Amino acid sequence: MEQEKVIVIDFGGQYNQLVARRVRECNVYCEIYSYRTALEEIKAMKPKGIILTGGPNSCYEEGAPTYQRELFELGIPVLGLCYGAQLMMHILGGRVESAPVREYGKTEVLLDKASSLFERVKETTVCWMSHFDYISSPAPGFAVTAHTADCPVAAAEDENRKLYAIQFHPEVLHTKEGTKILSNFVKSICGCKGDWRMDHFVEKSIREIRERVGNGKVLCALSGGVDSSVAAVMLSKAIGSQLTCVFVDHGLLRKNEGDEVEAVFGPQGNYELNFIRVNARERFYVKLAGVKEPERKRKIIGEEFIRVFEEEAKKIGSVDFLVQGTIYPDVVESGLGGESAVIKSHHNVGGLPDCVDFKEIIEPLRNLFKDEVRKAGIELGIPKYLVFRQPFPGPGLGVRIVGDVTADKVRMVQDADAIFREELEAAGLDQTIGQYFAALTDMRSVGVMGDERTYDYAVALRAVNTVDFMTAEAAEIPFGVLQKVMGRIINEVGGVNRVLYDLTSKPPGTIEFE
Ligand code: XMP
């Protein structure tokens, strides 16, 4: 049975990934492709529907991203959003021009006419607008279905050809009934059943991996983070002991984390696989000795990681497959999926340790968003505390110790961090704060403890609320909780005599300290 699919054609809009996520939230599978993707390729995918995203250009300008007219003649429903809506009109004979009033932000939209796109949507609803250009007259065959105070064509449609254009952004949560609108498009208009379900995906992936791997040997670098854990468990369920997971403990993990990973994936754990833990902390500490500059620390940790992994892989000998925990945003952000600029050349996509002797890569999570990876993890029965782990940087505590790294400083930051986490959990705040941790500053200051003068380090506590980790604000932690954490850290962590709470937002700060 072929899986029903909706395709998002990306014109460079900032919300392109959101469109795909919202569609998947309707249980309809969705993928993003650049507007440069050939029509033949799109047709071959047999999409049930096509969505054109927003974008930063003016569609009437020379060289602006466009698409061939035949896209609208395939008989497949097309929904254009913002730039996508304007482009649809422009190509089909409507008029798009620079708007006398730029609309930006939450805007009231009024429905003019019954439309299957707006089924169950209130006659006056709030939407998110962000445009300079506007549709001054719709293309022949189109009826206007909604307007705003400044925008005569907030939505238009040609029901016969199943072409729909909306000026606003239903994918943004500020559009109150946006999900309903997208659901109406994919379900009522495109006729998708909405049977993309995580349990099906997991079962199907396991089956496919089993077929692909056959009797082959598979190697996986396991970090204990969400992505590599979910990938490893999926592989283990598919091929059991043909899988070997190498877990490099670089000595820069949170307190007890190495043992926790071993408890789950090691011989006493729940899964059938070969687990190799490499205790490499001394090697990392030696390499890091005296190094203060954050980027150099990152580089050293990254390179040493590859070296350790390579040595282990050599012991195992040649393998047939290497597992990568690549997820969909990595693919899109690497410029491989949609139209976004290469934001980061993600080490997971394409670039691989060439030192490891393998034939093919397996990326079982390549099509999933982060929240979907977590759902897959739950489906696979992975313990919740692993599935809902906070993000943790690859270089670990190496970038949470400002200045040079020593074993003693690692101990201080691990202990302080464990206390902070314990107390936030005890106060019931752990689920509401996006990311929180302790860092060790490079500052030593004079204190007094008992009757003694101290000259010790300051720990900084960081807790932020964030949706996407691109921007963040310091979390408001009750003062009593902070005081308790401070008291415990000073009393329990030797070498620390001061505790600070970091109030900085991102921007201008970053979430991590380095
Ligand atoms: P920043 O500090 O850039 O952090 O505001 C944003 C998010 O990314 C994580 N982070 C990293 N993750 N390697 C990683 O794998 C790194 O070098 C790194 N630096 C930051 C950080 O924990 C936060 O979630």
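Order of listing sets the numbers, starting from 1, for every ligand and every atom in it. Keep in mind that what you see is a predicted model, and the values were worked out from it rather than measured.
At a 4.0 Å heavy-atom cut-off, the residues surrounding ligand 1 are R298, P391, P393, G394, P395, Q435, F469, K506, T510, I511, E512, listed by chain and number.
For K359, the side-chain hydrogen bond (donor to acceptor under 3.5 Å, both in side chains) test picks out D320, with sequence neighbours left out. With sequence neighbours left out, S228 forms a side-chain hydrogen bond (donor to acceptor under 3.5 Å, both in side chains) with S223.
Using a 4.0 Å cut-off between charged nitrogen and carboxylate oxygen, K204 and E208 count as a salt-bridge pair. Here E310 does not pair with R307 in a salt bridge; the nearest charged N to carboxylate O distance is not below 4.0 Å. Using a 4.0 Å cut-off between charged nitrogen and carboxylate oxygen, R283 and E311 count as a salt-bridge pair.
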Which donor-acceptor pairs under 3.5 Å do side chains of residues 231-241 form with protein atoms, sequence neighbours excluded?
{"residue": "S236", "atom": "OG", "partner": "E272", "partner atom": "O", "Å": "2.9"}
{"residue": "K237", "atom": "NZ", "partner": "L380", "partner atom": "O", "Å": "3.1"}

